[in-house]
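In what follows, a single structure is set out as structure tokens and then discussed.
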2 protein chains.
Amino acid sequence: MSSHAYLVDDDEAIRDSLGWLLESRGVACFSYSSAEDFLAAWNPSLAGCILLDIRMDGMSGPELFDALSERGNRLPVIFLTGHGDVPMAVSALKKGAFDFVEKPCNDNELVNRVIEALQLDANQRVAASGADSVNTRISRLTTRERQVMELILAGRLNKVIADELQISMRTVEVHRASLFEKMGVRTAVELAQLLAGKR
Amino acid sequence: MSSHAYLVDDDEAIRDSLGWLLESRGVACFSYSSAEDFLAAWNPSLAGCILLDIRMDGMSGPELFDALSERGNRLPVIFLTGHGDVPMAVSALKKGAFDFVEKPCNDNELVNRVIEALQLDANQRVAASGADSVNTRISRLTTRERQVMELILAGRLNKVIADELQISMRTVEVHRASLFEKMGVRTAVELAQLLAGKR
DNA sequence: CACCACACTGCGGGTTTCCACAATATTCGT
DNA sequence: ACGAATATTGTGGAAACCCGCAGTGTGGTG
């Protein structure tokens, strides 16, 4: 689960030299000799970044990138190419690649890009963890509590909520209190801020 | 104030042919023969997109791009180049350029990119207008009303707000009511949602 | 069947919010 | 100096909110 650079290149010499370079700078590294291999190994819980050669036997770098995107990949991807053209670089970046570098390139520069990518992933991860814990809390609400929450967020008064759900006001109050408790919030305002952006 | 393509290129032949191409496809177009000219003409209320040649006498395309960014430019920028290299394209896109196309290129393709950029700008504009109207409303609040609003959003009860601001509860109620009125909301929850993400 | 989570309800009472009515003080611009 | 906007406060009552206590009913599980 720790942060690694995932290196995908069908040229063993590159894998070795790049792998060694990264390790020597303190970046743990896994190598794959084909896009297919990495795709099989990939799972949503990987952390770090991906270094992808453009031209490879079998599935190409961009194809792998697309496949990973479809599977919900969040890891920053750095494309490596010895024969990159501008349209390819533009297309890769517009699709959300983190970077696109030409080989050969300055070693120092490349490692820096990798470290930036690692940092980005780490940041995204902490940002997402907040959202996750909120979603977890929501998932622990009962159906009724969720319904009541929706209506609270819609600005309805307890009396109105009771009416709309065809239950007594007291019951609404009970649900309200218990969902506040479960969501770890003390007022409706806090609840609204906690869910800002969602729903 | 209407939407235009702003074309900046020091080659008159290009300006003419590109200008004509865009006009023929219904895209209104202004041309500038130097980065300096456009920079002088630029103002924050322009709407549309910018087509920027990379290599020009005097200030270059990327330099103009940076200058515009510093001035808070929001218009999508499409770079045009006859001799673009990959690092330049990568750098431009990572800085937020909308696109980077090589000349000569398929006319149809280019016009499509321009139209996409125009569309993006239009979308950004409607999204921003909402935020603007909210900011306008906030700006119409008095100092006290803003202070009370902050504390309401912090989830404080009126009595606590009164205490923190060293004023009576009644006064807080008055400010509360008038700021709700000015912000066009009826409850604290609505207020919190209206300002979700801000402050 | 006993147990438990969930949904539901009433009562009583304290707290908070909302508002109309009524007033005073300060600042600022004409 | 006068009026407008802003800030301030009080009284008092209606409405809404919060909560503990106590109890009913249903569905699912061991």
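Being a predicted model, the structure only gives us computed values, none of them experimental. We name chains A, B, ... by the order of the sequence lines, and we start the count at 1 in each one.
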Set of side chain to side chain contact (heavy atoms under 4.5 Å, CB included) partners for [X], sequence neighbours left out:
X	result
A/E164	A/L151, A/R156, A/V160
B/R170	B/S168, B/E173, B/V174
B/N108	B/R25, B/N106
B/D37	B/Y32, B/S33, B/S34

Name of the residue among B/L194, B/L179, B/L195 meeting side-chain contact (heavy atoms from CB on, under 4.5 Å) with B/I138: B/L195
Degree of bending, the helix from C/dC1-D/dG30 to C/dT30-D/dA1 (end axes from five pairs; round to 10°):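 Here the helix ends are tilted 40° relative to one another.
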Smallest separation among heavy atoms of A/P76 and A/A117, with atom names: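 Scanning both residues completely, I find the closest heavy atoms to be CG-O, 3.4 Å.
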For residues 180-187 of chain B, please give each side-chain donor-acceptor pair under 3.5 Å, one per line with the distance, not counting sequence neighbours.
from	atom 1	to	atom 2	distance (Å)
B/K182	NZ	B/R140	O	3.4
B/K182	NZ	B/E145	OE1	2.9
B/K182	NZ	B/E145	OE2	3.4
B/T187	OG1	B/V189	N	3.4
B/T187	OG1	B/E190	N	3.1

Sidechain N-carboxylate O distance under 4.0 Å for B/D53, B/K103: yes
Ion pair check, A/D11 and A/R15, cut-off under 4.0 Å: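 Salt bridge: no.
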Qualifying residues under salt bridge (Lys or Arg N to Asp or Glu O under 4.0 Å), relative to A/D99, sequence neighbours excluded: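 For A/D99, the residues satisfying salt bridge (Lys or Arg N to Asp or Glu O under 4.0 Å) (neighbours in sequence not counted) are A/R113, B/K94.
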Provide a list of protein-nucleic acid N or O atom pairs under 3.5 angstrom, restricted to nucleotides 27-30 of chain C.
none

Summary of protein contacts for nucleotides 5-15 of chain C, nucleotide by nucleotide, where a base hit scores B, a sugar-phosphate-only hit scores S (4.0 Å, heavy atoms): -SSSBBB----
Hydrophobic cluster (4.5 angstrom, side-chain heavy atoms) - remaining members for A/I115: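 Members alongside A/I115: A/L7, A/I14, A/L18, A/L21, A/L22, A/V27, A/L51, A/I78, A/L80, A/F98, A/V101, A/L110, A/V111, A/V114, A/L118, A/L120.
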Could you pull out every donor-acceptor pair under 3.5 Å between side chains of residues 57-69 of chain A and any protein atom, sequence neighbours left out?
from	atom 1	to	atom 2	distance (Å)
A/S60	OG	A/E63	N	3.2
A/E63	OE1	A/S60	N	3.0
A/D66	OD1	A/K95	NZ	3.3
A/D66	OD2	A/K95	NZ	3.3
A/S69	OG	A/F65	O	3.0

Atom pair distance, as rounded to whole Å: CZ in B/R176 and P in C/dA20: 16 Å
Positional range of nucleotides in DNA chain D within the contact set of chain A, heavy-atom, under 4.0 Å: D/dA16 to D/dC21
